[in-house]
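Okay, structure first, notes after.
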Amino acid sequence: MTTLAPSRLLSPAVTASPPPDAEPAPPVRRVPLLVASLISVALTAYVWARHGAKPGVLLLLGLGLGLALFHSRFGFTSAWRQLVAVGNGTGLRAHALLLGTTATLFALIIGTGTGLFGTVPAPSSGDLGVGVVAGAFLFGVGMQLGGACASGTLFAVGSGQSAVLLTLGGFVAGSVLYTWQYDLVDDLPAVPGVVLADHIGWFGSWAVTIAALAGIVALTRVVQARRNPPPVGAPPTARGALRIVRGSWPLAAGAVALAVLGAGVLLVSGGAWGITSAFALWGARILQAVGLHPEHWTYWQEARNAKMLAGPVLADKNSLTDIGIILGAAVASAAAGAWTLHRGLPWRTAVASVLGGVLMGVGARLAGGCNIGAYLAGIASGSLHGWLWGVVALGGTWVGLRARTLFSLPNPAPRDSVC
């Protein structure tokens with residue numbers, strides 16, 4: 001087995017060839033930039049005036065998340081695909097930085113009880129059982145077919161990618177399917193979740209989490225050294241100071257920015273950044289708009305969910321950050337010259353996108369969260385369900401890569417120039 005000397009731990013990991021140089025950023029897409037900017041400003045002003053400062057700040061945090069996600073091209077789907085297919089752990093090491101930084105900020109915020117707008121911050125936890133296992137597995141398969149995870153779907157939609165718009169539609173449909181048939185899955189076998197801070201305190205929880213993440217980083221480097229994969233491709237970017245607004249950020253910069261913004265969501269709302277519960281809400285509102293009555297379903301009669309459905313969408317935490325991500329990514333992609341509407345989508349890709357979205361919608365609700373609400377928020381909170389979600393979703397990724405071939409979707413290969 002290949003080992004790594006301590007002095008090499010932070011050096012660039014081995015790939016089959018040097019990473020390619022990034023091409024210059026194309027010209028600014030002025031019309032999409034103007035439209036996205038005006039909508040962002042107008043919507044923020046409306047939310048602030050109609051619903052108050054707290055929702056307004058959450059929308060601004062969502063805009064920041066969209067900017068950071070697009071500029072760093074921070075992906076969960078691609079990172080796991082590259083790791084499983086060819087052994088490139090670059091993306092997973094960026095996950096470790098995001099998780100570790102978020103865990104540090106969460107420990108400081110929750111451990112000291114610091115909150116804004118009168119909120120009391122709480123960790124994100126979940127039961128350990130059939131639901132999280134089945135849901136994470138379905139999500140892992142679905143994100144490979146759909147081409148994006150929950151956060152990736154939103155920032156890709158914002159940047160004009162039509163295939164991922166189908167994924168979002170499937171995501172909403174899968175969420176509605178789950179809420180409709182909630183009685184079938186609301187009592188799956190499970191044991192109570194475990195939050196490390198309840199047993200060893202927040203410092204102990206933070207130390208265990210950081211140690212585990214460091215072990216994962218070391219393991220990915222060992223795997224990468226053995227498999228010698230192709231490097232990750234470099235998106236077009238501007239140079240110098242313009243790189244901040246018209247460029248491709250390093251993954252490390254994106255990880256830190258996302259951690260800080262995600263911690264901001266916790267400070268403002270008292271809960272961790274999440275995404276997918278909003279899709280169930282959007283689906284229910286669409287059904288109500290066409291004369292149907294999802295409010296009579298068991299899922300929407302539970303107190304917390306009933307309150308969500310009865311309230312304004314633009315006062316819902318996850319809806320605000322989701323909408324913000326889409327708009328933030330639209331602004332960022334237009335400024336970078338990358339905003340475009342893709343046409344001529346192959347039917348196999350379209351079917352895979354919808355199917356992948358449906359699987360993720362069902363899976364996220366079964367597991368009580370997605371790559372953000374369960375994986376990121378769970379691990380950062382010291383909850384074991386976050387680790388379980390990540391391990392099972394990685395197994396779903398392995399199956400998803402094989403399912404991609406049924407729809408003629410490409411996977412990275414060892415002889416590719418980039419992965």
Side-chain angles (χ1 to χ4, degrees), residues 1-20 72-104 136-137 139-141 143-144 149 152 196 205-234 250-256 258-259 371 374-376 378-380 382 384-402 404 410-419:
M1 179 177 179
T2 304
T3 58
L4 291 169
S7 62
R8 295 181 56 201
L9 187 60
L10 299 179
S11 62
V14 175
T15 54
S17 59
S72 62
R73 306 319 198 263
F74 201 96
F76 293 83
T77 303
S78 58
W80 287 354
R81 184 187 305 150
Q82 292 158 3
L83 177 71
V84 173
V86 293
N88 193 321
T90 301
L92 194 60
R93 290 190 290 276
H95 291 186
L97 178 59
L98 169 62
L99 289 162
T101 307
T102 305
T104 302
F137 181 81
F139 197 96
V141 176
M143 67 180 181
Q144 295 305 328
C149 57
L196 293 177
S205 173
W206 171 82
V208 169
T209 300
I210 296 300
L213 293 171
I216 290 171
V217 169
L219 179 61
T220 63
R221 293 180 64 86
V222 170
V223 170
Q224 188 160 325
R226 294 184 64 178
R227 297 185 64 178
N228 199 29
V232 177
L251 278 175
V256 172
L258 292 172
N371 56 297
Y375 174 59
L376 171 58
I379 291 177
L384 295 189
H385 92 288
W387 289 103
L388 177 61
W389 193 99
V391 170
V392 176
L394 195 59
T397 296
W398 185 86
V399 174
L401 292 183
R402 281 138 188 84
R404 284 172 62 86
N411 289 320
R415 294 185 180 180
D416 288 344
S417 57
V418 295
C419 63

Backbone of [Y] reached by a side-chain donor or acceptor of [X] within 3.5 Å:
X    : Y    : result
T101 : L98  : no
R227 : A85  : yes
R404 : P410 : yes
N228 : A225 : no
N88  : L83  : no
Q224 : V14  : yes
T397 : R81  : no

- [ ] Evaluate side-chain contact (heavy atoms from CB on, under 4.5 Å) for L99 paired with L376, printing each intermediate quantity in order.
- [x] CA-CA 6 Å; L99 289 162; L376 171 58; 3.6 Å; yes
Task: Intermediate values then yes/no, ring pair (Phe, Tyr, Trp, His ring centres under 6.0 Å), W80 and F139 - done: CA-CA 12 Å; W80 287 354; F139 197 96; 8.5 Å; no
Task: ring pair (Phe, Tyr, Trp, His ring centres under 6.0 Å) involving F137 - partner list, sequence neighbours excluded - done: none
Grab the two heavy atoms, one from [X] and one from [Y], that are nearest each other, plus how far apart they are.
X    : Y    : answer
A380 : T102 : CB-CG2, 3.5 Å
N371 : C149 : ND2-SG, 3.3 Å
W389 : A374 : CD1-CB, 3.6 Å
G91  : L251 : CA-CD1, 4.5 Å
A255 : A94  : CB-O, 3.8 Å

Open item on the list: Can you see whether Q144 engages R402 through a side-chain donor-acceptor pair at a distance of less than 3.5 angstrom?
Closed with: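 Result is no, nothing qualifies.
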- [ ] To the nearest 0.5 angstrom, please state how far the CZ atom of R221 sits from the CG atom of L92.
- [x] 13.0 Å
Open item on the list: So, taking the atom named CG in L213 and the one named CD1 in I379, what distance separates them when rounded to the nearest 0.5 Å?
Closed with: 6.5 Å
Is there a side-chain contact between [X] and [Y] (heavy atoms, below 4.5 Å)?
X    : Y    : value
P250 : S72  : no
S417 : P20  : no
P230 : T15  : no
Q82  : V232 : yes

- [ ] Give me the ring orientation class for H95 and F76: parallel if the planes are under 30° apart, tilted from 30 to 60°, perpendicular past 60°.
- [x]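 H95 and F76: tilted rings.
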